[in-house]
Structure formats: structure tokens, C-alpha cells
Peer 1: 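Before I ask anything, let me first share the structure, which is written out below as C-alpha cells.
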Amino acid sequence: MATPTEGTPSHFIRNIVIEDLQQNKNASRVHTRFPPEPNGYLHIGHAKSICLNFGLAGEFGGLCNLRFDDTNPSKEDVEYVESIKEDVRWLGFDWGDREYFASDYFAQLYQFAIQLIKAGKAYVCDLNADQIREYRGTLTEPGKNSPYRERSVEENLDLFERMKVGEFPDGARTLRAKIDMASPNLNMRDPVMYRILHATHHRTGDEWCVYPTYDFAHGQSDSIEGITHSICTLEFEDHRPLYDWFLEQLNIHHPQQIEFARLNLTFTALSKRKLLQLVQQGHVGGWDDPRMPTLAGFRRRGYTPEAIRTFCERIGVAKRNSTVDIAMLEHCLREDLNKRAPRVMAVLRPLKVVIDNYPEGQIEELDAVNNPEDPSMGTRKVSFSREIYIEQDDFREEPPKGFFRLSPGHEVRLRYAYIVKCTGVVKDSQTGEIKEIHCTYDPETKSGSSQSSRKVKATIHWLSAAHAVSAEVRLYDQLFIKEDPDDAPQGLDWTANLNSHSLERLTDCRVEPFLTNAKAGERYQFERLGYFCVDSVDSSPGYMVFNRAVTLRDTWAKVERSGRRR
RNA sequence: UGGGCGGUCGCCAAGCGGUAAGGCCCCGGACUUUGGAUCCGGUAUCGAAGGUUCGAAUCCUUCCCGCCCAGCCA
């Protein structure tokens with residue numbers, strides 16, 4: 001028997017699995033499944049479920065199936081099937097040859113239904129949707145039996161067969177389980193098992209005119225696949241008695257359904273309905289817009305699968321409704337990229353600096369460290385010359401208290417180069433806008449030289465004006481201005497909380513020339529700025545486009561912000 | 001007012017009768033050629049009230065608050 005992995009944070013579901021294993025339940029087998037409906041792209045909430053299901057199977061020597069819950073042809077599409085497979089694979093999980101579809105079981109499910117009809121446990125009901133609702137009763141009042149509840153087995157069989165071949169229009173009849181119209185659990189008040197839908201299914205085409213509901217399809221699919229632990233979210237807790245009922249009546253393998261709380265994130269919408277709306281109404285560029293909480297969006301943004309997996313492990317699994325701080329996710333990304341991303345210098349908003357005492361025409365090739373966290377990543381050369389660009393933010397004509405960067409009369413270190421002192425500012429005579437600044441450098445302070453140990457308060461990044469390459473950089477902020485997107489002013493809906501500044505395109509940036517060879521999806525740390533990723537859609541060797549995945553922690557920005565508040 | 005499930009630090013989350021883990025955020029400080037990283041240090045008595053017990057976040061009772069369910073969606 002597989003033993004628990006040391007150091008893996010435990011949670012109640014993992015504990016159940018461990019206990020089952022100890023008691024030799026299911027012949028010590030662990031078999032889970034990830035069951036997405038192919039009606040949208042996978043998002044970070046699904047990642048929690050994927051990591052849970054594949055993680056448990058992986059840890060205990062079990063298996064996890066990928067099963068598409070495709071019982072509603074009117075909402076589903078192959079585009080989603082393909083994206084889901086790509087995203088699960090990208091996250092780092094492998095379902096081997098166990099790629100299943102609920103629609104693979106339509107014939108079997110149909111036989112199960114007939115079995116229940118024959119046992120007097122299911123009947124064809126002629127009530128329409130409105131009538132079924134009326135007969136169902138309310139939360140506090142019991143329902144009434146359908147007038148069609150006592151049809152003979154023969155009639156039920158005949159009717160169900162005719163439903164299947166398409167003799168009746170959509171909605172004309174349903175097949176219902178005969179349970180208890182007075183049950184305090186509404187799901188047990190003769191739930192619908194099959195509905196008539198003359199729709200073309202993305203896999204079975206027009207073969208079927210009836211489709212099983214989730215309740216009738218899910219548990220039986222789990223059973224057919226030999227699933228041991230059927231993990232789902234909290235809203236299905238009320239369905240568990242029904243899940244169990246079908247399996248018991250059918251007397252087939254009975255997986256255990258276990259529910260956990262779905263993920264919520266601050267400043268993020270995670271319902272499929274909302275995400276679909278964001279895409280369809282053009283609030284974002286598509287399912288893979290880097291601002292989207294979809295796996296495709298995170299991937300394009302520059303997130304690593306490792307960071308997302310670590311995040312899913314750290315947030316834990318429990319039954320309490322909760323909303324995780326988005327800062328937790330960002331932290332996981334920084335932590336991962338800090339170790340792996342090569343550093344490089346980039347200037348997002350260039351400000352020209354002329355070093356007056358540096359020889360005109362002279363170029364020095366300076367050594368720059370690729371990753372101080374990992375010496376094995378080596379060094380590279382950066383060109384230094386008389387005219388350079390620095391970040392506009394790194395110069396203040398009138399520095400506020402605590403500003404350590406460049407200002408008139410003050411010194412800063414140019415990373416990997418020299419200490420320079422600001423000697424003058426050139427402004428546009430009309431607008432007063434700063435056009436360029438002048439400095440002198442101290443030749444004794446070259447990085448790495450014996451005299452280089454002089455201390456200055458700050459080090460800033462820079463790029464040689466003649467060597468730097470132009471690029472576009474896209475800065476992203478939260479898609480919503482409110483921690484809870486649903487917290488909208490009265491009368492307005494969640495779209496009122498959309499952040500109109502969630503995307504900022506900077507088209508006059510400079511980067512180190514070797515970045516021209518960077519490939520789509522590669523991630524770099526732009527020193528002092530954040531982690532950036534080569535955009536996989538719009539970037540090309542002739543026109544580089546970088547997405548900011550996440551900023552670096554910025555204590556100066558924090559100080560400035562709190563200063564402004566005072 | 002029916003049923004189901006929850007309520008432990010600002011946000012997640014361990015704990016399962018023996019005297020409150022950890023992570024994120026935040027605040028100090030050390031170090032630093034990224035105001036990055038790293039390293040130290042700081043912050044809860046467990047929804048409330050009773051009760052059982054030598055001892056309770058953990059057991060019992062009552063109460064309060066939150067979420068889910070009246071799709072032929074999943």
C-alpha cells in the first residue's frame with residue numbers, strides 16, 4: 001500500500017483516503033476523477049480540483065481519470081474539450097489513456113434507466129416544466145405526487161423508448177425517479193433523470209433525443225469507471241442522498257462522494273457565467289487574456305504551473321466558504337520565478353541621461369549576473385556608453401524624504417557599472433517637461449573593481465541608448481476594483497466594478513538586445529520591476545511584446561503611498 | 001418558520017479532551033551593487049452563553065451569524 005508523502009499538508013479528504021486505505025476499503029485502491037463540463041475554459045478554481053484529484057491519486061499510487069461531463073449538448077462544444085485537455089496537461093497532470101466522456105456511457109445509462117423502470121423506481125411524467133415546479137412544493141411545504149406516477153411498467157417502457165427515438169417534442173415528457181415528494185430534501189422529490197432534447201451533441205450527433213441529467217449521469221459514470229472517491233464542491237452536498245440512492249437501487253459499485261469548498265479569490269470573478277460574459281462582451285481580449293483567471297490567461301500572463309500547484313497546496317482543502325487573498329497567489333509566483341527567472345535590465349519609461357565626462361564613442365562590456373539566486377545561470381555582457389536611459393521614476397528633480405534614487409547633486413549606482421552624480425536637468429522650454437539629465441561618473445567606482453566598494457543609497461537599472469532595443473510592455477492590474485466584484489453600487493451589477501485601468505500598454509520601452517531572441521512564453525525578471533513573459537500571441541522577433549506577470553515587492557511604493565495618505 | 005453544511009489571527013488553515021502549527025498580509029530590525037531576495041522578531045484563547053471535567057477550540061445544551069437547495073444547468 002502506498003504511504004502518505006512526508007511533508008504534504010493534510011486535509012480532511014486526504015485523511016479520509018488514508019483511513020480508507022488503512023481499512024482496506026476498495027481493495028486499497030484510490031481512483032479519482034476530474035469531471036469538467038466542456039462549456040467553458042478551465043480557471044484557477046478548477047486547478048484546485050485538478051490538483052486535489054490528481055494529487056491524491058498520485059500520492060497514494062492511484063489513478064485519476066479525465067472525464068468530460070457532457071450531458072447537456074446545448075451548452076457544450078469541442079473547442080472547450082481541447083482547451084481543457086491542454087490546460088490540464090500544462091498544469092502538469094497526466095490521465096494516461098483514461099480520457100472519458102459521460103456521453104460514452106449513454107447506452108449503459110439508458111439501460112440503467114430501464115432497470116429502474118422495471119423495478120418500479122422510475123416513471124415517465126407528462127408534466128411540463130412549470131407543472132413540475134408547482135408539484136414540487138416549496139422549501140417548507142411538501143410536494144404532490146405527479147398524476148403520472150403510477151403508470152404501468154409497460155407503459156413507462158414504451159413511452160421512454162418513444163422519447164428516446166424522438167416521437168415527442170422537447171419538454172413534453174421526462175423520466176423521473178420515484179422517490180418521495182414529501183422529502184425535506186428537494187432533490188429527492190422525484191428528480192428528473194432524462195429530458196427530451198432534440199439537439200446535436202458534439203460527440204454523439206443526433207443519435208439521442210433524450211439526455212440524462214447530471215444527477216442520473218454523474219454517479220453512474222463514477223461507478224462504471226470504478227471511482228473510489230468522488231470529490232466535488234459543496235453545492236452538491238444536498239445531492240449526495242440522491243447520488244447514493246441511484247447506486248443503491250442499481251446495486252452497482254458505490255463510490256463515496258465527498259464535498260469541499262470551491263475557491264474564491266479577492267478581486268476576481270470565477271463563475272463560468274461571468275467569465276463567459278467578460279469574453280462575449282469584449283471586456284477582455286478572450287479566454288486567454290492575461291487578466292483572466294483562466295489557466296490559459298495565467299499561462300499567457302507568465303504564471304508557471306509550479307506556482308499554481310504550490311498555491312493550490314497552500315490554500316488547503318476544507319468545507320468552509322472562503323476567499324483567498326490574491327496576494328497569496330502572487331507570492332507563489334514570485335517565489336517560483338525568483339529562483340528560476342533570468343534577470344535582465346529593461347526601461348519601461350525611458351529618460352535619457354548623458355554622462356558628460358565619459359569619453360564619447362567609448363563602449364564598455366560589463367559583466368552582469370543572470371541570477372543572484374543561482375550562480376550556475378552564469379553571467380552576460382551589457383554594453384555601457386556615454387548616453388543611457390534610466391527609468392523616469394528613478395529621477396526626481398525635487399526628491400521627497402526617503403527618496404534614494406537620482407536627483408540633482410546626488411549620486412546613485414548604475415547597476416553593474418559606475419556611480420554617477422546628477423549635475424543638470426534639461427527641460428523643454430515650453431512645457432517644462434524634463435527632456436534629459438546630465439551626470440558625471442566616477443571612473444574609480446566601476447563595478448567589481450577594488451575601488452568599487454563605496455556605498456551609495458541606491459542602485460538603479462539602465463540601458464545604453466545606442467544598444468537598447470525597443471519593445472512593448474503590457475502592465476496588468478486587477479480586473480476589478482473591488483475585493484468582491486459582486487459588491488456593486490445599488491442598482492448596478494458586477495460589471496460596474498470592472499477596472500478601467502487593468503491594462504496599460506507601454507510602446508516605447510527598451511530592453512537588452514539579446515532579448516530579441518527570447519521565445520514566446522519565456523519569463524524574465526526585469527530588475528527592480530517585476531517578472532515579465534514574452535507574449536505568446538503578439539510578440540515577434542521584430543516587435544517584442546512582454547506581459548508583466550507580477551511586480552516585485554516594492555517597499556518604496558508602499559512608503560510613498562502611506563506618505564500620501566498622511 | 002423545511003433540509004443540508006459551516007463559524008479558530010486582517011486572509012487561508014492545522015488542531016479530534018491536556019493547556020492555540022504553518023502560510024499570506026502587516027509592523028519592526030539585520031543584511032544587500034535589485035528600496036528584490038534572504039534572515040531574525042512581533043501580533044488570536046478558538047461565534048456567544050451556560051454546563052460536564054483536575055483540565056475543553058476539542059464533549060453536552062441553548063442561542064447567534066453565514067453559505068447552499070424550489071433548472072427538464074452542472
Side-chain angles (χ1 to χ4, degrees), chain A residues 9-11 35-37 39 69 71-72 74-75 125 127-129 132-134 136-143 170-176 183-189 191-197 210-211 213-215 217-218 232-241 259 261 263 266 272 311 313-332 334-335 338-339 343 345 369 372-373 402-405 412-417 419 445 447-448 452-461 483 525-530 551-559:
Chain A
S10 207
H11 49 74
E37 183 189 11
N39 67 345
D69 219 338
T71 56
N72 186 354
S74 61
K75 292 187 176 173
C125 182
L127 258 26
N128 64 32
I132 286 185
R133 191 177 315 121
E134 284 163 29
R136 184 155 36 222
T138 69
L139 293 178
T140 51
E141 303 162 277
D170 287 4
R173 291 180 222 263
T174 56
L175 180 73
R176 295 226 258 163
S183 171
N185 181 344
L186 304 228
N187 292 121
M188 301 299 272
R189 319 242 266 224
V192 171
M193 296 164 57
Y194 270 91
R195 69 288 211 185
I196 300 172
L197 274 178
V210 290
Y211 291 92
T213 57
Y214 166 86
D215 283 312
H218 203 93
C232 61
T233 44
L234 251 29
E235 65 271 28
F236 293 103
E237 229 159 0
D238 286 341
H239 294 244
R240 194 171 62 226
E259 312 85 11
L263 171 69
T266 57
K272 280 194 180 179
F311 171 76
E313 189 168 279
R314 287 198 186 150
I315 56 176
V317 179
K319 299 192 71 160
R320 168 190 346 187
N321 292 309
S322 61
T323 302
V324 177
D325 194 333
I326 188 81
M328 178 84 105
L329 214 209
E330 295 178 338
H331 171 265
C332 291
R334 289 193 189 103
E335 181 181 64
N338 176 51
K339 289 179 299 194
R343 293 333 65 161
M345 293 198 281
V369 174
E373 303 294 319
F403 184 83
F404 303 145
R405 280 107 95 151
V412 279
R413 161 143 244 135
L414 295 176
R415 174 134 243 227
Y416 301 126
I419 291 176
T445 59
S447 185
S452 69
S453 57
R454 219 172 96 204
K455 296 280 187 248
V456 286
K457 281 281 208 174
T459 297
I460 65 174
H461 59 275
E483 213 175 275
Q525 183 195 100
F526 288 179
E527 290 214 43
R528 303 208 307 128
L529 298 173
T551 61
L552 250 27
R553 281 185 62 215
D554 189 345
T555 53
W556 167 244
K558 217 177 291 172
V559 168

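Residue numbering restarts at 1 for every chain, and letters A, B, ... go by the order of the sequence lines. Note that these values count all heavy atoms, side chains included, but never hydrogens, waters or copies made by symmetry.
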Peer 1: Should A:V324 and A:L329 count as side-chain neighbours, where that means a heavy-atom distance under 4.5 Å?
Peer 2: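 Result no, sub-4.5 Å side-chain heavy-atom pair not found.
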
Peer 1: With heavy atoms under 4.0 Å as the rule, sort A:D554 into base, sugar-phosphate or nothing.
Peer 2: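 The answer is nothing, as A:D554 stays clear of every strand by at least 4.0 Å.
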
Peer 1: N/O contacts under 3.5 Å, protein versus nucleotides 64-69 of chain B?
Peer 2:
from, atom 1, to, atom 2, distance (Å)
B:C67, O2', A:N321, ND2, 3.3

Peer 1: Can you list the residues that meet the salt bridge (Lys or Arg N to Asp or Glu O under 4.0 Å) rule with A:R173, with sequence neighbours excluded?
Peer 2: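 Salt bridge (Lys or Arg N to Asp or Glu O under 4.0 Å) list for A:R173, sorted by chain: A:D126.
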
Peer 1: Going by the glycosidic torsion and a 90 degree boundary from 0, is the base of B:G66 oriented syn or anti?
Peer 2: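 The base of B:G66 is oriented anti (glycosidic angle more than 90° from 0).
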
Peer 1: Could you encode protein contacts along nucleotides 23-29 of chain B as a string, one character per nucleotide from 5' to 3', using B for base contact, S for sugar-phosphate-only contact and - for no contact, with a heavy-atom cut-off of under 4.0 Å?
Peer 2: BSSS---

Peer 1: Closest to the A:R195 side chain: B:C73, B:A70, B:U34?
Peer 2: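 Side chain of A:R195 sits closest to B:C73.
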
Peer 1: Can you tell me the Watson-Crick or wobble partner of B:C26, both distances under 3.5 angstrom?
Peer 2: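 Looking at the geometry, B:C26 pairs with B:G42.
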
Peer 1: Is the base of B:U33 touched by the side chain of A:S447 through a donor-acceptor pair closer than 3.5 angstrom?
Peer 2: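 Check passes, donor-acceptor contact within cut-off.
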
Peer 1: What nucleic acid atoms does A:P372 come within less than 4.0 Å of, heavy atoms only: base, sugar-phosphate, or nothing?
Peer 2: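 Answer is base: heavy atoms of A:P372 come under 4.0 Å of a base.
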
Peer 1: Using the test salt bridge (Lys or Arg N to Asp or Glu O under 4.0 Å), find all partners of A:E237 that sit at least two apart in sequence or belong to another chain.
Peer 2: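 Listed in chain order: A:K319.
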
Peer 1: Counting any heavy atom closer than 4.0 Å, what does A:E527 reach on the DNA or RNA strands: base, sugar-phosphate only, or nothing?
Peer 2: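 Result for A:E527 = base.
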
Peer 1: Per the side-chain contact (heavy atoms from CB on, under 4.5 Å) rule, which among A:Q525, A:H461, A:R528 passes with A:R343?
Peer 2: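 Considering A:Q525, A:H461, A:R528, a side-chain contact (heavy atoms from CB on, under 4.5 Å) with A:R343 is found only for A:Q525.
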
Peer 1: How many angstroms lie between CZ in A:R334 and CG in A:L552, if you round to the nearest 0.5 Å?
Peer 2: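 That separation rounds to 7.5 Å.
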
Peer 1: Pick the nucleotide of RNA chain B nearest each of A:R320 and A:F404; which residue has the one closer to the 5' end?
Peer 2: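 Going by which nucleotide is closer to the 5' end, it is A:R320.
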
Peer 1: Among residues at least two apart in sequence or on other chains, which ones pass ring pair (Phe, Tyr, Trp, His ring centres under 6.0 Å) with A:F526?
Peer 2: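 Result, ring pair (Phe, Tyr, Trp, His ring centres under 6.0 Å) vs A:F526: A:F532, A:F546.
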
Peer 1: As a test of reading the structure: which of B:G2, B:G71, B:U34 is closest to the side chain of A:Q525, going by heavy atoms?
Peer 2: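 Minimum distance to the A:Q525 side chain belongs to B:U34.
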
Peer 1: Any donor and acceptor pair, going by atom type alone, linking the side chain of A:T445 with main-chain N or O of A:I419 inside 3.5 Å?
Peer 2: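 Pair found, side chain donor or acceptor close to backbone of A:I419.
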
Peer 1: Given that both distances must come in under 3.5 Å, which nucleotide forms a Watson-Crick or G-U wobble pair with B:G2?
Peer 2: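 With both distances under 3.5 Å, B:G2 matches B:C69.
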
Peer 1: What is the nucleic acid contact for A:V456, judged by heavy atoms within less than 4.0 Å: base, sugar-phosphate only, or nothing?
Peer 2: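 No contact.
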
Peer 1: Using the P atom as the point on both nucleotides, what is the distance between B:U52 and B:C60, in whole Å?
Peer 2: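 15 Å, rounded to whole Å.
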
Peer 1: Where the side chain of A:N338 is concerned, which of B:G36, B:C12, B:C5 is the nearest nucleotide?
Peer 2: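 So the side chain of A:N338 is nearest to B:G36.
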
Peer 1: Between A:V192 and A:L414, which has a closest nucleotide on RNA chain B that is more 5'?
Peer 2: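 Nearest-nucleotide comparison on RNA chain B picks A:L414.
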
Peer 1: Under the 3.5 Å rule, do the base of B:G36 and the side chain of A:E373 count as making a donor-acceptor pair?
Peer 2: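 Answer is yes: a donor-acceptor pair is held.
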
Peer 1: Let me know the distance between CD of A:E141 and C1' of B:U1, rounded to the nearest Å.
Peer 2: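 Distance, rounded to whole Å: 11 Å.
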
Peer 1: Which residues pass the side-chain hydrogen bond (donor to acceptor under 3.5 Å, both in side chains) test with A:K75, sequence neighbours left out?
Peer 2: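 Once residues adjacent in sequence are excluded, A:K75 has no partner under the side-chain hydrogen bond (donor to acceptor under 3.5 Å, both in side chains) criterion.
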
Peer 1: What nucleic acid atoms does A:S74 come within less than 4.0 Å of, heavy atoms only: base, sugar-phosphate, or nothing?
Peer 2: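 No contact.
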
Peer 1: Under 4.0 Å between any heavy atoms, over every strand shown, what does A:F311 touch: base, sugar-phosphate, or nothing? Just pick one.
Peer 2: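 The answer is nothing, as A:F311 stays clear of every strand by at least 4.0 Å.
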
Peer 1: My understanding is that only residues two or more places apart in sequence, or in another chain, count here; which of them pass salt bridge (Lys or Arg N to Asp or Glu O under 4.0 Å) with A:R553?
Peer 2: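 In terms of salt bridge (Lys or Arg N to Asp or Glu O under 4.0 Å), with neighbours along the sequence ignored, A:R553 is linked to no residue.
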
Peer 1: Could you check whether A:L263 gets within reach of a base, just the sugar-phosphate, or nothing at all, counting any heavy atom under 4.0 Å?
Peer 2: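 Nothing: the residue A:L263, judged by heavy atoms under 4.0 Å, touches no strand.
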
Peer 1: Can you tell me how far C1' of B:G36 sits from NZ of A:K457, to the nearest Å?
Peer 2: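 Computing the A:K457:NZ to B:G36:C1' distance gives 17 Å.
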
Peer 1: Paired with B:A57 by Watson-Crick or G-U wobble geometry, both distances under 3.5 Å: which nucleotide is it?
Peer 2: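 For B:A57, the partner nucleotide comes out as none, under the 3.5 Å rule.
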
Peer 1: Sequence neighbours left out, what passes salt bridge (Lys or Arg N to Asp or Glu O under 4.0 Å) with A:R176? Give chain and number order.
Peer 2: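 With neighbours one apart ignored, the set is empty.
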
Peer 1: What is the distance, to the nearest angstrom, from the CZ atom on A:R240 to the P atom on B:G3?
Peer 2: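 The answer, rounded to whole Å, is 17 Å.
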
Peer 1: Take atom C1' in B:C24 and the same atom in B:C67, then report the distance between them in whole Å.
Peer 2: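 It comes out at 24 Å once rounded to the nearest Å.
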
Peer 1: Within the 4.0 Å heavy-atom criterion, would you say A:G143 contacts the bases, only the backbone, or no part of the nucleic acid?
Peer 2: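 Nothing, no nucleic acid heavy atom in range.
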
Peer 1: P atom, B:C40 versus B:C25: distance in rounded Å?
Peer 2: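 Rounded to whole Å, the distance is 16 Å.
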
Peer 1: Which residues pass the ring pair (Phe, Tyr, Trp, His ring centres under 6.0 Å) test with A:Y194, not counting sequence neighbours?
Peer 2: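 Scan of A:Y194 (ring pair (Phe, Tyr, Trp, His ring centres under 6.0 Å), adjacent residues dropped) gives A:F160, A:F216.
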
Peer 1: For the pair made of CD in A:E237 and P in B:G4, what is the distance, rounded to whole Å?
Peer 2: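 These atoms are roughly 11 Å apart.
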
Peer 1: Which value, in whole Å, describes the distance between the C1' atoms of nucleotides B:G36 and B:G7?
Peer 2: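 B:G36 and B:G7 have their C1' atoms separated by 39 Å.
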
